[in-house]
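What follows is a single structure, written as structure tokens, with notes after it.
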Amino acid sequence: MERSDIKLIARDPAQFDPQAVDQLRSSARLAGIRHVVGLPDLHAGHGIAVGAAFWSPDHIHPPLVGSDIGCGMALWQMDGALRKFRLAHAERRLRDLDGPWDGDQAAALVRADLPASMADPSLGTIGGGNHFVELQRVEDIADPARFAELDLDADRLWMMVHSGSRGLGHAALQGHISRNGNVGLPADSTSGQAYLQDHDRAMAWAVLNRQIIADRFAEKLAMGGRRILDICHNSVTPHAVAGQAGWLHRKGAAPADRGLVAIPGSRGDFSFLVEPVAAAGDRALHSLAHGAGRRWSRSDAHARLSRRFRAAELERTPLGSRVICEDRRLIFEEAPQAYKDITGVIADLQHVGLIRVIARLRPLLSYKVRSQ
DNA sequence: ATGTGC
């Protein structure tokens, strides 16, 4: 059996949770897997580590992508001037965003080159878990020349959307498991091709979902906006490594080959707009950290924090931002304390020479869920 | 993660 190599990207790899590293080791033993990379936000998942990339010359492993195929981050620079932005006003306006979108789904699907059968009441909704929409402002600019070259403007409101393919990606993975079992497949097999078609559609649907979510929020805020980036951190895509064609699985790993990347901190911390260093190439399987990474599991976070805080105390963060989260359990599970320090994650990526930071973004309002 | 699990 061919040995695969495992690389851990961090200034101090000993910092990683041993359970997450064990999960990388078991994934490295899957059929055809040759290269595995753990990124600085690596943490244990449900059997498969999050914050990791896996490469095979010939196999695809749907469980290495997970349920939320196409999940990712998108970032908008809004038309609205920051000096005119009023937090309390925005907080009042952001309602009726959790129910079905009342727009023309059929037309939206056609524009996204997706079949009409992918219409679904969840299109245009954020979902649960770690998904969010966050209104932000530019805190500081690390690379003014690049910032200007990209025609970015620090005097406007910015908006980040983190969501995915909702039930559709989940159905694609379950479909694969029910047909083939919880296994990998040769990419060129009929079953492999069937999964890849479902996968690619779920990915495109997730991109459309983020766009519609952003449109809904923009409408409430009575402003337009320009999308700066949209990147998926759960996917399997064809990708050559060291000149050999193959398949790159990303499980909570941002692409380093698709232009600008947004790496969010917890809702109580800064996010970073970064640019991958092109020359870094294969060093980390063309991937970057996708966020801060969990420090505590959901259940641990709930147990520890619900003892120390009341939910209302978590509706404002240490940076002064507001949190709209009317789910009593979720507000504890997703509290800033449950996440690692994003500054350390960014420093790790910089240390290895994978990114250049362009700007740091400050959270103003994090929207999770609201009853109406 | 999940038109959510007992």
Side-chain angles (χ1 to χ4, degrees), chain A residues 20 23 27 41-52 54 61-74 96-103 105 109 117-133 161-178 182 195 198-199 201-210 212-213 216 231-236 249-254 264 266-267 290-294 296-303 325-335 338-339 366-372:
Chain A
Q23 291 182 337
S27 297
D41 56 339
L42 181 75
H43 60 98
H46 298 292
I48 292 161
V50 180
F54 311 88
H61 289 270
L64 291 184
V65 178
S67 304
D68 198 359
I69 300 164
C71 184
M73 299 290 167
D96 304 316
L97 290 159
D98 297 274
W101 177 53
D102 62 6
Q105 283 211 24
L109 289 165
S117 58
M118 292 187 85
D120 191 277
S122 64
L123 184 62
T125 62
I126 299 173
N130 56 3
H131 292 168
F132 62 81
V133 172
V161 177
H162 177 204
S163 188
S165 54
R166 311 290 273 102
L168 280 82
H170 184 250
L173 176 60
Q174 290 311 314
H176 157 72
I177 291 173
S178 62
N182 196 4
Y195 168 78
D198 289 348
H199 165 283
R201 285 177 173 175
M203 203 157 137
W205 195 96
V207 174
L208 176 62
N209 190 35
R210 287 187 286 273
I212 294 174
I213 292 167
R216 293 180 81 176
I231 46 135
C232 297
H233 50 230
N234 293 342
S235 67
V236 54
H249 306 70
R250 292 184 174 108
K251 174 69 177 167
S266 75
R267 69 184 182 214
H290 77 314
R294 271 197 171 274
W296 297 336
S297 72
R298 291 181 174 281
S299 50
D300 282 355
H302 185 268
C325 180
E326 295 182 356
D327 179 320
R328 304 280 298 174
R329 188 166 183 90
L330 195 58
I331 198 163
F332 292 112
E333 289 179 350
E334 290 293 318
Y339 282 86
S366 299
Y367 186 104
K368 299 286 289 180
V369 60
R370 192 168 223 178
S371 47
Q372 60 159 0

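Here is how names work: the chains are called A, B, and so on, in the same order as the sequence lines, proteins then strands, and each is numbered from 1. Remember, predicted model here, so these are calculated numbers, not experimental data.
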>> Using the salt bridge (charged side-chain N to carboxylate O under 4.0 Å, His left out) definition, which of the options A:R328, A:R329, A:R294 pairs with A:E334?
In response: A:R294

> For A:L123 and A:Q105, which heavy atoms make the closest approach, and how far apart are they?
Replying inline: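 That closest heavy-atom pairing would be CD2-OE1, 3.6 Å.
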
> Any idea which heavy atoms bring A:I231 and A:R210 closest together, and the distance?
Replying inline: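 So the two residues come closest at O-NH2, 4.1 Å.
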
> To the nearest angstrom, how far is A:D120 atom CG from B:dT2 atom P?
Replying inline: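 One finds 12 Å between P of B:dT2 and CG of A:D120, rounded.
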
> Hey, what do you get for OH (A:Y195) to CG (A:L173), rounding to the nearest 0.5 Å?
Replying inline: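 The OH atom of A:Y195 sits 6.5 Å away from the CG atom of A:L173.
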
> Can you tell me how far CG of A:N234 sits from NZ of A:K251, rounded to the nearest 0.5 angstrom?
Replying inline: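 Interatomic distance, A:K251 NZ to A:N234 CG, rounded to 0.5 Å: 5.0 Å.
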
Tell me what [X] touches on the nucleic acid: a base, only sugar-phosphate, or nothing, going by heavy atoms under 4.0 Å.
{"X": "A:R298", "result": "sugar-phosphate"}
{"X": "A:G66", "result": "nothing"}
{"X": "A:G164", "result": "nothing"}
{"X": "A:G169", "result": "nothing"}

>> I'd like to know whether A:L42 forms a side chain to side chain contact (heavy atoms under 4.5 Å, CB included) with A:Q23, so could you lay out the CA-CA distance, the side-chain angles of the two residues, the decisive distance to 0.1 Å, and finally the verdict.
In response: CA-CA 10 Å; A:L42 181 75; A:Q23 291 182 337; over 6 Å; no

Taking N or O atoms only and anything under 3.5 Å, show me the protein contacts with nucleotides 4-6 of chain B, one pair per line.
none

